[in-house]
Amino acid sequence: MKIVLGSDHAGFLLKEEIRAYLAGTGHEAADFGTFCENSVDYPDIALPLAEAVAAGNYTLGILICGTGVGMAIAANKHPGIRAALCGDPFTARFAREHNDANVLTLGARVTGPGLALEIVDTFINSIFQGERHRRRLKKIAFMEKRH
Ligand code: RB5
């Protein structure tokens, strides 16, 4: 699976842990930065990543900031992006199964690394269930087109 990672300074260390974890499970993840703990603005990372996922260059994206909120807000501005802020594996599972979320956002100042890796694992291994959920997602796509 093609996965792409991005973070701001607050999420940098967790991004590094996730990248190492994914490599250990055989997933090669592209890295859109940031590459150190110097302060950066999260939209500058979220928007190119959202563009790349929406264009189909990657199957899933993972964005990390302090709370996960800024990354979710920014990524969801891009048409075709369904970014879900997840703080537990249950939400991560249903974000994929029901919402077909294509971007996971995490809050590095909220969610510890052990839990974050479980959330990542659940997110990438859960599969969209289609059926009635597809109808609901079409309604969201229609809302996007109106704007
Ligand atoms: C950076 O201090 C912080 O505001 C950012 O990482 C994120 O939490 C925003 O939502």
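Counting starts at 1 for both ligands and their atoms, following the listed order.
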Relative to the heavy atoms of Ala10, which atoms of ligand 1 are at a distance of less than 4.0 Å?
6 (O)
Which of the atoms of ligand 1 are close to Gly66, meaning less than 4.0 Å from one of its heavy atoms?
5 (C), 6 (O), 7 (C), 8 (O)
Hey, are the side chains of Asp8 and Ser39 touching, using non-hydrogen atoms and a 4.5 Å cut-off?
no
I'd like to check His98 versus Arg132 (side-chain heavy atoms, cut-off strictly below 4.5 Å). Are they in contact?
yes
Applying a strict 4.0 Å limit to heavy atoms, is His9 in contact with ligand 1?
yes
In the protein, what heavy atom is nearest to [atom], and what distance, to one decimal place, separates them?
| atom | answer |
| --- | --- |
| atom 9 (C) of ligand 1 | Tyr42 CE2, 3.5 Å |
| atom 5 (C) of ligand 1 | Asp8 OD2, 3.2 Å |
| atom 10 (O) of ligand 1 | Gly70 N, 2.9 Å |
| atom 2 (O) of ligand 1 | Arg109 NH1, 3.2 Å |

Quick one: does ligand 1 sit under 4.0 Å from the side chain of Met71, the backbone, both or neither, non-hydrogen atoms only?
neither
N/O of Val69 under 3.5 Å from N/O of ligand 1, yes or no?
no
In this structure, which one of Val103, Asp100, Ile140, Asn99 forms a side chain to side chain contact (heavy atoms under 4.5 Å, CB included) with Arg82?
Asp100
Stepwise, does the side chain to side chain contact (heavy atoms under 4.5 Å, CB included) test hold for Leu14 with Thr111?
CA-CA 10 Å; Leu14 181 56; Thr111 306; 5.7 Å; no
Could you walk me through whether His27 and Tyr21 pass the side chain to side chain contact (heavy atoms under 4.5 Å, CB included) check?
CA-CA 9 Å; His27 292 285; Tyr21 172 76; over 6 Å; no
Mind checking the OG1-CG spacing from Thr34 to Asp44? Nearest 0.5 Å is all I need.
10.0 Å
Point-to-point distance, once rounded to the nearest 0.5 Å, from SG of Cys65 to NZ of Lys15
13.5 Å
